[in-house]
Amino acid sequence: MAGLAESGSNPDVDLLYDINGLAKDAPHWFDRVMEYVGEYGLLLAMVLLVVWCWWSVRRRGGEHAASSVAALVWAPLAAGLAVLVNVPIRGFVRRPRPFLDHQGLDVLVSGKTDFSFVSDHATITMAMGVALFVANRRFGLVGIGLALLEGFCRVYMGVHYPTDVVGGFALGTAVALLLSPLAMLLLTPLLRAVDGTAWGSRLIRARRGPGREETVVPGARTGGRARSEERDLAA
């Protein structure tokens, strides 16, 4: 692979050097910011985005509140399941980290001794972003944007090839989409049962005064067109 990189015939390695080369020209403080953002910050941002969406669903309430929250619960579960699926994939492919095979990379994070394909960070963020998109398009688009930024950061940091990131995106998307119907089939009755309890209902819907309960979902317009125009959250 190193020989291919030298000859310029490997687009994956060429793109790795191009993106990681930006780190060499950037100020030291910017590299430190990218290190934190790529390693921890975007994962935290994705979790906060899911919590924000849940808070919005909880405030709106309505007859579909339980199924809406069930769709949001699937987001972190999809990410965790995708990482578990990645364990045998990494063991089968056994691709070394790029800095082990290629000289001259600016590696921003040390201590990476596991295999490179596929990227766990890309897998987690894209699985959550796609699952969130299934639940709510507005929040989901933001989540997918964060996942794309995470993938860029992993290559910029010198710890993954671009194809590691693309593989993570594909794996996260596949798990989130293909298993979503089964997840909703299992989670929706569970969340409805929780909604029926005194303590659990507070997780599903906020308390409202008489006559204030709404039936719209996050992102829906108010008024008579709300029900017909948008059903963002899975029923």
Side-chain angles (χ1 to χ4, degrees), residues 12 38 42-54 56-57 63-95 114-155 160-195 203-204 217-220 230-235:
D12 192 23
L42 289 171
L43 294 177
L44 177 60
M46 189 68 73
V47 172
L48 293 178
L49 185 65
V50 173
V51 172
W52 184 10
C53 189
W54 163 76
S56 177
V57 170
E63 59 182 319
H64 298 293
S67 57
S68 299
V69 175
L72 295 176
V73 170
W74 170 234
L77 292 179
L81 185 58
V83 170
L84 290 179
V85 174
N86 189 27
V87 172
I89 295 177
R90 279 195 168 196
F92 177 77
V93 178
R94 301 178 66 87
R95 187 184 201 181
D114 54 345
F115 295 116
S116 185
F117 186 88
V118 298
S119 167
D120 278 339
H121 283 72
T123 301
I124 291 172
T125 52
M126 187 56 76
M128 294 185 70
V130 171
L132 192 56
F133 182 80
V134 172
N136 183 285
R137 290 179 179 86
R138 183 178 58 185
F139 283 92
L141 287 174
V142 177
I144 292 173
L146 292 177
L148 294 175
L149 180 57
E150 178 69 85
F152 175 83
C153 288
R154 302 308 290 177
V155 181
H160 280 293
Y161 295 95
T163 48
D164 297 338
V165 170
V166 173
F169 289 164
L171 177 59
T173 299
V175 171
L177 288 182
L178 295 179
L179 298 182
S180 178
L182 177 60
M184 292 304 300
L185 184 65
L186 298 176
L187 290 173
T188 300
L190 176 61
L191 270 295
R192 285 175 179 164
V194 171
D195 190 23
L203 298 174
I204 308 300
V217 296
E230 186 169 358
R231 280 289 184 266
D232 277 337
L233 293 164

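Keep in mind it's a predicted model, so treat the numbers as computed, not measured.
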Quick one: pull up [atom1] in [X] and [atom2] in [Y] and give me the separation to the nearest 0.5 Å.
X	Y	atom1	atom2	value
Ser119	His160	OG	NE2	3.5 Å
Trp74	Leu81	CH2	CG	5.5 Å
Leu171	Asp120	CG	CG	9.0 Å
Phe115	Phe92	CZ	CZ	12.5 Å
Arg94	Asp114	CZ	CG	12.0 Å
Ile144	Arg137	CD1	CZ	11.0 Å

Would you say [X] and [Y] make side-chain contact, with heavy atoms under 4.5 Å?
X	Y	answer
Phe169	Leu148	yes
Leu146	Met128	no
Thr123	Val118	yes
Leu187	Leu77	yes
Leu43	Glu150	yes

Would you name the heavy atoms of [X] and [Y] that are closest together and state the gap between them?
X	Y	result
Ser116	Tyr161	OG-CD1, 4.0 Å
Ala79	Ala127	CA-CB, 3.8 Å
Ser67	Met184	O-CE, 3.5 Å
Ala176	Ala131	CB-N, 3.9 Å

Are any side-chain N or O atoms of Trp54 and backbone N or O atoms of Leu203, one a donor and one an acceptor, separated by less than 3.5 Å?
-> yes
With no hydrogens and no angle check, is any side-chain donor or acceptor of Arg192 less than 3.5 Å from a backbone partner on Ala66?
-> no
Indicate whether the side chain of Asp12 and that of Thr163 have a donor and an acceptor atom separated by less than 3.5 Å.
-> yes
Is Asp164 salt-bridged to Arg95, cutoff N-O under 4.0 Å?
-> yes
Only one of Val57, Val134, Asn136, Val51 clears side chain to side chain contact (heavy atoms under 4.5 Å, CB included) with Leu72; which?
-> Val57
